[in-house]
Amino acid sequence: MSKEQTEEKIYLLCDCNNFFASCEKIFRPDLKNRPVAVLSNNDGVVVSRSYETKKLGIAMGSPVFKIQNEINRYHIVTFSSNFNLYLDISNRVMSTLETFCKDLEIYSVDEAFLTFENMTEDQVLNLAFKIKNTILSRIGINIGIGIARTKTLAKLANHYAKKNQDKTNGVFSVLSDHQRQKILLAFPIGEIWGIGRRLEEHLQNDGYISSFDLSKADVAEIKKRYSIVVARTVMELNNIDCIESVENGDSQNQIMWSRSFRDRLYEFDDVNQAISNFTAEVAKKLRSQKLFAKRITVFIRTSYFGNQLKYANDATLVLDYPCNDTRVLIEASRLLLQHIFAPGYAYSKAGVIVHDLVSERCFQSDLFKETPNQDELNKADRLMQTMDSINLNDKNNIRIGLQSKSDFKENKEKLKLSPNYTCSWDDLPEVF
DNA sequence: TCTGGGGTCCTAGGACCC
DNA sequence: TCTGGGGTCCTAGGACCC
């Protein structure tokens, strides 16, 4: 191991193992060593599996109805997804990580990049084990840590650490060239962060099979033949740090609400009711983040599966002015749905997306469009505020126009939901 | 009966202007 | 009458991620 100090950055990718399933296990000691699976929104497919469940061969994304036999036979314990719980555990993990490193980039709910400088490999490894043990003892979550000079390599190292738990104890560094080559040879290109199914296929056809092959490719050639994105990946595999950190925190650029329907919907009015509900949720999220949307998109589709006729379509409207008013957005989404709705199909899913989000409602007044004046806007704001305060805690007592009264068909009841161990219902953050 | 939900970034191509 | 090219801005769509 190198004893030299280095000025260059070192990335630690810390990633929680089997995150949702692990969260469920924290408060249920009786589930230790037992197979656990967390299900998607309407209990449709498996979205997280404990180690034991993985060993049984249950694949990510398996539809529950297809693996019901295995669930019964092996007594797999299933949970509906409890995002409030996972988010709370995530916050605890992240704030603990932050005590080790101020330079923390939260990449997703269960992983973060920590950046260090001026450390030897020995020092970094010691620190990594300390971090891992602290998270485990304080929170009860097992994490894996990958250490490298670039984020792409840190992801790969993390992957290796988890796959070879017995050899690595969940921590793996590829700071030395020897170790770097070792993992490049160990992983096919499809395992590299940023290389998905399509690119994998193209690259394989061009003869790039292992990550090592890709690392030896000519950057200019790759850029020409593929894209700047793949070219950057090649450089990252060669220790050239070139993936900028995403500015954390502010300025989300889109908010989406979409659901699969419990039953297929056929009639315009039924779909419109669902779309209205989704739009109301999106508008509520906009207001809670004090944002205004400039564009809104509605999409509908039939199921990918089965023999019925397939149809999918979407439409986008540029709003006259940046807006988070439920009534205006619902009217816009109805117009859009009218555009794309085709009768005679069995719709299984729909969604609403708002994009181009801005934090101020500054708009260029357009002489030829009717935009409301400031008075009207203030009045609308007050109405929405009143509505939000009455609808606090997700109860949705006040509805508008075509929103349905019951909580309706888009969502099965979450029968297997675990209790909210970590917080009371009253102070749940509105995030998911 | 039953097949997730929520995001980001990049690029090509059209519209428009000079 | 015909013939351009270059620049910018915007958007739809593709690909990827967790």
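Letters go in sequence order (proteins before strands), and every chain restarts at 1.
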Undergrad: Look at the side chain of A:D356 and decide which nucleotide, out of C:dT11, C:dA12, B:dG6, has an atom nearest to it.
TA: C:dT11

Undergrad: Determine: side-chain N/O of A:R232 to OP1/OP2 of B:dC10, distance under 4.0 Å, yes or no.
TA: yes

Undergrad: I'd like to know whether the aromatic ring centres of A:Y11 and A:F116 sit less than 6.0 Å apart in this structure.
TA: no

Undergrad: Nearest of C:dA12, B:dG5, B:dG7 to any side-chain atom of A:M256?
TA: B:dG7

Undergrad: Would you say the base of B:dT3 stacks on A:F305 (centre-to-centre below 5.5 Å, plane angle below 30°)?
TA: yes

Undergrad: Less than 4.0 angstrom from a charged side-chain N to a carboxylate O is my criterion; do A:K284 and A:E281 meet it?
TA: yes

Undergrad: Nearest-Å distance, CZ (A:R225) to P (B:dT11)?
TA: 17 Å

Undergrad: Base, sugar-phosphate, or nothing for A:E111, non-hydrogen atoms under 4.0 angstrom?
TA: sugar-phosphate

Undergrad: Counting side-chain heavy atoms from CB outward, which of B:dG4, C:dC18, C:dG13 is closest to A:Y107?
TA: C:dC18

Undergrad: Both A:I228 and A:V45 contact DNA chain B. Taking the nearest nucleotide for each, which residue is further toward the 5' end?
TA: A:V45

Undergrad: What nucleotide among C:dC18, B:dG5, B:dC2 has an atom nearest to a side-chain atom of A:D110?
TA: C:dC18

Undergrad: Atom CH2 of A:W193 and atom C1' of B:dG7: how far apart are they, to the nearest Å?
TA: 14 Å

Undergrad: Using only side-chain N and O atoms of A:K155, determine if any of them is under 4.0 Å from OP1 or OP2 of C:dC17.
TA: no

Undergrad: Inspect the surroundings of CD in A:E267 and state if more than 12 heavy atoms from other residues, nucleotides or ligands are less than 6.0 Å away.
TA: no

Undergrad: What about the rings of A:F20 and A:F79, do their centers lie closer together than 6.0 Å?
TA: no

Undergrad: Whole angstrom is fine here: how far is it from NZ in A:K285 over to C1' in B:dG5?
TA: 9 Å

Undergrad: Is it true that atom NZ of A:K223 has more than 12 heavy atoms of other residues, nucleotides or ligands lying nearer than 6.0 Å?
TA: no

Undergrad: For the side chain of A:S258, counting heavy atoms from C-beta on, which of C:dA12, B:dC2, B:dG5 is nearest?
TA: B:dG5

Undergrad: Distance check needed: B:dG4 C1' versus A:K416 NZ, whole Å only.
TA: 15 Å

Undergrad: Could you tell me how far apart A:Y304 (OH) and B:dG4 (C1') are, to the nearest whole angstrom?
TA: 11 Å

Undergrad: Take A:F65 and A:K349, find for each the nucleotide of DNA chain B with the closest heavy atom, and name the residue whose nucleotide sits nearer the 5' end.
TA: A:F65

Undergrad: Does A:S81 have a side-chain nitrogen or oxygen under 4.0 Å from the phosphate oxygens OP1 or OP2 of B:dG5?
TA: no

Undergrad: Nearest to the side chain of A:L199 - B:dG6, C:dC16, B:dT8?
TA: C:dC16

Undergrad: Can you see if the side chain of A:S108 gets near the phosphate of B:dG7 - specifically, an N or O under 4.0 Å from OP1 or OP2?
TA: no

Undergrad: Roughly how many Å is it from CD1 in A:I106 to P in B:dT8, rounded to a whole number?
TA: 15 Å

Undergrad: With a cut-off of less than 4.0 Å, is there a side-chain N or O of A:R295 near OP1 or OP2 of C:dC10?
TA: no

Undergrad: Reckon A:I255 touches a base, only the sugar-phosphate, or nothing at all at heavy-atom distances under 4.0 Å?
TA: sugar-phosphate

Undergrad: Whole angstrom is fine here: how far is it from CD1 in A:I192 over to C1' in C:dA15?
TA: 16 Å

Undergrad: Indicate the atoms forming the closest heavy-atom contact of A:C16 with A:K162, along with that distance.
TA: O-NZ, 3.6 Å

Undergrad: Among B:dT3, B:dC10, C:dC17, which nucleotide has an atom closest to any side-chain atom of A:V229?
TA: B:dC10

Undergrad: Taking B:dC17 as the reference, what is the distance to C:dG4 when you measure between their C1' atoms (whole Å, please)?
TA: 14 Å

Undergrad: Could you pull out the closest heavy-atom pair between A:I26 and A:G140, with the gap in Å?
TA: CG1-O, 4.0 Å

Undergrad: Send over the distance from A:F20 CZ to B:dG4 P, rounded to a whole Å.
TA: 15 Å

Undergrad: Please confirm whether the shortest side-chain N or O distance from A:S303 to OP1 or OP2 of B:dT3 is below 4.0 Å.
TA: no

Undergrad: Let's test this: given Watson-Crick or G-U wobble pairing with both distances under 3.5 Å, identify the partner of B:dC18.
TA: C:dG5

